[in-house]
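Along the sequence shown, the residues carry numbers beginning at 1.
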Amino acid sequence: MSKHAREQGWSWTDPAPTPDELAARDSDIRAWAESRGIGVTERGRIPSNVVGLYDAARLDRPQELKRDHPSEE
């Protein structure tokens, strides 16, 4: 394992998400974004800033939502 991976808290023992788990997460992110008026496509890659907003909301970090997406205020 690389030094960078260890610094990030990654571990080889963490199971990789299954394709079904990844698809479910993408679906959750798309529904969350749509409910907030954030445009995302139905298919393809979800922009990293949208994933970041979703993660921040899930972790209840509203200060990041305000900084990264002013319309969320």
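- Here the CG-CD1 distance, from Leu53 to Ile46, works out to 12.0 Å after rounding to the nearest 0.5 Å.
- Within the structure, every pair that satisfies the salt bridge (Lys or Arg N to Asp or Glu O under 4.0 Å) test and touches residues 16-28, not counting sequence neighbours, is listed here: Arg25-Asp55.
- Contact detail for Val50 and Trp32: the closest heavy-atom pair is O-CZ3, 4.2 Å.
- Applying the salt bridge (Lys or Arg N to Asp or Glu O under 4.0 Å) test to residues at least two apart or on different chains, none of the pairs has a partner in residues 37-54.
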